[in-house]
Amino acid sequence: MARIIAVANQKGGVGKTTTAVNLAAALAAAKRRVLLVDLDPQGNATMASGVDKHAARPNGCAVLLEEATVADAVVATDGHYDVLPGNGDLTAAELKLMDTLAREHRLKEQLATVGGRYDTILIDCPPSLNLLTLNALTAADGVLIPVQCEYFALEGLSSLLETVKAVRQRLNPKLEIEGLLRTMYDVRNNLGNEVSAQLTTHFGDKVLRSIIPRNVRLAEAPSHGQPIHLYDRSSRGAIAYIGLAGEVIRRERGLPPAPVEPHEADDPTDITEPSAPGVHGVVLKAPAANHQD
Ligand code: ATP
Ligand code: MG
């Protein structure tokens with residue numbers, strides 16, 4: 001059965017979608033069969049994967065309302081993963097679900113129908129602790145929490161962790177914290193270093209070794225409808241997400257994190273950290289820019 005990871009943080013703009021899309025592509029590059037579920041009415045993960053959120057029918061809304069199966073709604077992407085498209089219709093689905101029994105379990109039930117087809121299912125959550133996010137946390141084995149290394153990064157983290165605890169108690173006892181992921185990290189910014197140190201002090205080994213640097217290529221890729229590995233596979237952003245995929249795979253196999261390997265900066269426009277995370281001992285291959293393996 002697929003391992004399900006929800007990418008969640010109710011704080012907006014912390015890198016949830018960037019992480020969900022590029023981790024999906026990096027895992028796919030490691031020959032994982034991956035489904036990315038876009039559970040955010042903004043539909044950003046859908047568009048960033050090169051799928052038109054307006055044209056996608058059936059979509060995640062129909063799946064949540066049991067009007068379509070996941071198998072019917074998924075779309076294959078150039079990044080070699082499937083996406084269950086999401087758009088503004090998800091808001092309507094959330095409202096309708098409010099009145100149903102076992103409303104938090106709907107996504108879990110639907111994903112169970114395709115669990116054998118995928119190794120990993122990633123869920124991109126909206127910036128809210130709403131019923132959509134509760135559905136994601138109820139379906140998930142782990143929750144990956146992107147944290148932007150800037151002011152107020154820790155704000156809201158305690159309510160998210162409280163929610164995770166409550167979900168574990170009432171809805172999904174197997175839910176684990178996959179890890180806190182430092183995103184948009186800028187070594188030249190003292191604050192980023194302070195926030196990073198604070199996170200490690202408070203959360204210890206719950207903080208993932210991988211760090212995602214602030215990288216202009218990561219910000220550009222979605223407007224081309226491409227994950228970073230297709231847009232610029234040698235960028236620091238692409239390398240960082242391959243490192244994250246390696247760390248996720250090692251955790252899944254119960255292996256300790258690999259030592260951090262320093263490597264050269266390859267993009268002079270980047271603002272990067274001095275020693276970026278390595279591939280964490282897992283051999284991963286980024287797809288060629290021409291979309292072939
Ligand atoms: P929302 O809460 O609205 O869903 P989010 O948490 O999904 O937001 P993203 O959409 O992934 O956050 O990122 C917010 C913005 O920051 C986007 O414009 C994205 O392109 C940019 N961004 C994300 N990660 C990085 C990065 N590592 N370097 C540079 N820009 C980034
Ligand atoms: Mg998002």
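Reckoned from all heavy atoms, side chains included, excluding hydrogens, waters and symmetry mates. Note that the structure is a prediction, hence the values are computed from the model and not measured.
A donor atom on one side chain and an acceptor atom on the other are found under 3.5 Å apart for Ser234 and Asp232. The closest side-chain donor-acceptor pair between Arg3 and Thr120, if any, does not fall under 3.5 angstrom. A donor and an acceptor atom, one from each side chain of Glu104 and Thr138, are nowhere located under 3.5 Å apart. Between the side chains of Thr133 and Gln10, no donor-acceptor pair of N or O atoms lies under 3.5 Å.
Under the rule for a salt bridge (Lys or Arg N to Asp or Glu O under 4.0 Å), the partners of Glu150 that lie at least two apart in sequence or sit in another chain are Arg214. Partners of His224 according to the ring pair (Phe, Tyr, Trp, His ring centres under 6.0 Å) rule, which considers only residues two or more places apart in sequence or in another chain, are Tyr231. Not a single salt bridge (Lys or Arg N to Asp or Glu O under 4.0 Å) links Glu194 to another residue, sequence neighbours left out.
Rounded to the nearest 0.5 Å, atoms CZ (Arg182) and CG (Asn193) are 10.0 Å apart.
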Next on the checklist: As a quick check of understanding, evaluate side chain to side chain contact (heavy atoms under 4.5 Å, CB included) for Leu230 and Asp78, giving each step before the final call.
Outcome noted: CA-CA 8 Å; Leu230 297 183; Asp78 290 345; 3.8 Å; yes
Next on the checklist: I'd like to know whether Val51 forms a side chain to side chain contact (heavy atoms under 4.5 Å, CB included) with Thr77, so could you lay out the CA-CA distance, the side-chain angles of the two residues, the decisive distance to 0.1 Å, and finally the verdict.
Outcome noted: CA-CA 7 Å; Val51 176; Thr77 71; 4.1 Å; yes
Would you mind writing out the side-chain donor-acceptor pairs for residues 59-67 within the sub-3.5 Å range, not counting sequence neighbours?
from	atom 1	to	atom 2	distance (Å)
Asn59	OD1	Cys61	N	3.0
Asn59	OD1	Ala62	N	3.4
Asn59	ND2	Ala56	O	3.4
Asn59	ND2	Asp89	OD2	3.3

Output a table of donor-acceptor pairs, distance under 3.5 Å, between side-chain atoms of residues 37-47 and any protein atom two or more places apart or on a different chain; print 'none' if there are none.
from	atom 1	to	atom 2	distance (Å)
Asp38	OD1	Asp40	N	3.1
Asp38	OD2	Ala45	N	3.4
Asp38	OD2	Thr46	N	3.0
Asp38	OD2	Thr46	OG1	2.5
Asp40	OD1	Gln42	N	2.9
Asp40	OD2	Gln42	NE2	2.8
Thr46	OG1	Gly86	N	3.0
Thr46	OG1	Gly86	O	3.4

Side-chain donor/acceptor pairs under 3.5 Å, residues 12-23, sequence neighbours excluded:
from	atom 1	to	atom 2	distance (Å)
Lys16	NZ	Asn9	O	3.1
Lys16	NZ	Lys11	O	2.8
Thr17	OG1	Asp124	OD1	3.4
Thr17	OG1	Asp124	OD2	2.7
Thr19	OG1	Gly15	O	2.7
Thr19	OG1	Tyr241	OH	2.9
Asn22	OD1	Ile228	N	2.8
Asn22	ND2	Thr18	O	2.8

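Counting heavy atoms from C-beta on, the side chains of Ile5 and Val248 come closer than 4.5 Å. At a threshold of 4.5 Å between non-hydrogen side-chain atoms, the residues Asp72 and Val70 do not count as touching.
With respect to Asp119, the salt bridge (charged side-chain N to carboxylate O under 4.0 Å, His left out) criterion is satisfied by exactly one of Arg33, Arg253, Lys31: Arg33.
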